[in-house]
**Q** 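One structure coming up, written as structure tokens, with questions to follow.
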Amino acid sequence: MSDMEKVHCLIIGSGPAGYTAAIYASRANLHPILYQGLQPGGQLTITTEVENYPGYPNGVMGPQMMVDFEQQAQRMGADIRWGMITKVDFSQRPFKVEVDEEKWIEADSIIIATGASAKWLGLESESRLNGHGVSACAVCDGFFFKNQEVAIVGAGDTACEEALYLSKLCTHVHMLVRRDEMRASRVMKERVLKTANITVHWNSEPAEILGENKVESVRVRNTQTGAESIIPLKAVFIAIGHQPNSGLFKGVIDMDDQGYIITQPGSTKTNVPGVFACGDVQDKIYRQAVSAAGSGCMAALDAERYLGEMEL
Ligand code: NDP
């Protein structure tokens with residue numbers, strides 16, 4: 001007999017998807033346990049105001065919204081715990097997960113809601129100056145560089161959106177685009193190109209971010225010619241996409257070539273019956289708090305149905 005803790009429904013992750021799954025699973029009497037992971041509340045805890053989440057007519061600060069989600073899940077009876085899932089074993093039932101490299105828990109069903117994280121360029125100077133002028137979130141940190149000159153790296157919709165956001169705060173925005181075209185949608189690209197205080201530097205990438213304790217300039221390399229130049233500025237925003245936090249499930253749960261978990265269309269089912277995925281870890285298209293919350297609800301309903309069918 002095992003004296004291991006056993007749970008009906010284990011939720012991994014604490015963004016809108018995880019907490020919504022916890023609210024629904026609690027109300028369905030599944031007595032879920034939710035492990036919050038490295039960044040309780042997820043990506044919304046590094047944003048400022050959220051204006052597009054329905055139900056908050058006056059907007060809400062991202063961190064506050066996640067406190068609201070957590071409290072609602074707790075009020076419904078979810079057992080919310082600080083801790084990381086460090087290993088999983090889905091080869092037998094009940095499933096087993098390791099918490100904080102210390103103890104194992106058994107679970108009849110699993111909901112993966114581990115989200116996604118911003119990608120970085122990988123420069124030494126980028127990590128050294130992170131938080132001192134280097135940021136992956138213009139909306140969070142742009143304010144600190146009001147009336148200053150800044151750069152943004154990337155050419156997708158996020159980079160365009162953030163460049164436009166920064167152009168309203170900062171004196172000048174240098175947009176570093178590594179090719180001679182932008183990946184972003186036409187409308188976003190056009191908006192950027194006609195904004196007077198945004199300069200697009202084509203075929204350009206940061207070779208190094210310069211500064212001792214804070215950003216002072218960026219050394220830009222031309223990707224075609226290799227020629228380098230220096231732009232003095234106060235901040236460099238990185239907007240080169242996100243990566244799903246799915247490493248824990250590699251080789252076990254089916255993923256696409258970018259690591260996004262594959263779910264069966266119209267459901268949150270993964271290739272392992274009883275393991276469900278919701279939120280940004282399985283969504284590279286919408287990536288919104290409200291769509292993540294919606295898929296968290298779906299995951300809890302799918303888990304409930306699975307447990308019923310399996311008579312667990
Ligand atoms: P994307 O993957 O679309 O774009 C990433 C950008 O970063 C590309 O321009 C890419 O260049 C560039 N890049 C990647 N790595 C590097 C590097 N090492 N150095 C320099 N540049 C690099 O990510 P987004 O976050 O912009 O968008 C993700 C998804 O979300 C997309 O589907 C997008 O349409 C969507 N979205 C939609 C919005 C909207 O509709 N309002 C807002 C925000 C996002 P390259 O093109 O050369 O590969």
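FYI, side chains are in, hydrogens and waters are out, and symmetry mates aren't considered; it's all heavy atoms of this structure. Counting starts at 1 for both ligands and their atoms, following the listed order. None of the values given here were measured: they were computed from a predicted structure.
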**Q** How far is atom 19 (N) of ligand 1 from its nearest protein heavy atom, and which residue and atom is that?
**A**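 That would be Leu121 CD2, 3.5 Å.
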
**Q** For the residue pair Tyr19 and Gln36, confirm or rule out a side-chain donor-acceptor distance under 3.5 Å.
**A**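 A pair is found: one side chain offers a donor N or O, the other an acceptor, under 3.5 Å apart.
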
**Q** Which residue owns the protein heavy atom closest to atom 34 (O) of ligand 1, what's the atom, and how far is it?
**A** Asp157 OD2, 2.6 Å

**Q** Considering only heavy atoms from C-beta outward, does the side chain of Met84 approach that of Asp100 to under 4.5 Å?
**A**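 With C-beta onward as the side chain, the pair touches.
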
**Q** N/O to N/O below 3.5 Å, does that happen between Ala155 and ligand 1?
**A** yes

**Q** Using a 4.5 Å cut-off on heavy atoms from C-beta on, say whether the side chain of Ile12 contacts that of Phe249.
**A** yes

**Q** Would one find more than 12 heavy atoms of other residues, nucleotides or ligands at under 6.0 Å from atom NZ of Lys103?
**A**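 Yes, because the 6.0 Å sphere around NZ of Lys103 holds more than 12 heavy atoms from other groups.
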
**Q** Answer with side chain, backbone, both or neither: which part of Glu161 has a heavy atom less than 4.0 angstrom from an atom of ligand 1?
**A** side chain

**Q** Quick one: do the Gln64 and Asp68 side chains pair a donor with an acceptor below 3.5 Å?
**A**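 On atom types as modelled, these side chains qualify, holding a pair under 3.5 Å.
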
**Q** Of the listed options (Lys284, Arg183, Glu181), which comes nearest to atom 3 (O) of ligand 1 when hydrogens are ignored and any heavy atom counts?
**A**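 Result: the heavy atom closest to atom 3 (O) of ligand 1 is in Arg183.
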
**Q** If you take the nearest heavy atom of each of Arg287, Lys119, Met182, which one is closest to atom 28 (C) of ligand 1?
**A** Arg287

**Q** Taking the six-membered ring for Trp and the full ring for Phe, Tyr or His, determine whether the centres of Tyr165 and Phe237 are under 6.0 Å apart.
**A**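 Centroid distance Tyr165-Phe237: not below 6.0 Å, so no.
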
**Q** Pull out every atom of ligand 1 sitting under 4.0 Å from any heavy atom of Thr158, numbered as shown with elements.
**A**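 This gives 24 (P), 25 (O), 26 (O), 27 (O), 43 (C), 44 (C) as the contact atoms.
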
**Q** Hey, looking at atom 7 (O) of ligand 1, which of Thr223, Ile240, Leu123 has the closest heavy atom?
**A**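 Considering heavy atoms of Thr223, Ile240, Leu123, the nearest to atom 7 (O) of ligand 1 sits in Ile240.
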
**Q** Side chain, backbone, both or neither: which part of Val177 has a heavy atom under 4.0 Å from ligand 1?
**A** neither

**Q** With a sphere of 6.0 Å drawn around CD of Glu212, does it hold more than 12 non-hydrogen atoms of other residues, nucleotides or ligands?
**A** no

**Q** Just to confirm my output: which protein heavy-atom neighbour is closest to atom 16 (C) of ligand 1, and how far is it?
**A**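 Its nearest protein heavy-atom neighbour is Arg178 NH1, 3.4 Å.
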
**Q** Short check: is a protein heavy atom less than 4.0 Å from atom 22 (C) of ligand 1?
**A**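 Flag for atom 22 (C) of ligand 1 set to true, protein heavy atom closer than 4.0 Å.
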
**Q** When you look for heavy atoms under 4.0 Å from ligand 1, do you find them on the side chain of Glu205, its backbone, both, or neither?
**A**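 The answer is neither.
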
**Q** Could you work out, for atom 46 (O) of ligand 1, the closest of Arg179, Met188, Glu162 by heavy-atom distance?
**A** Arg179

**Q** Examine the side chains of Asn197 and His172 and answer whether a donor and an acceptor come within less than 3.5 Å of each other.
**A**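 No, His172 and Asn197 have no side-chain donor paired with an acceptor closer than 3.5 Å.
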
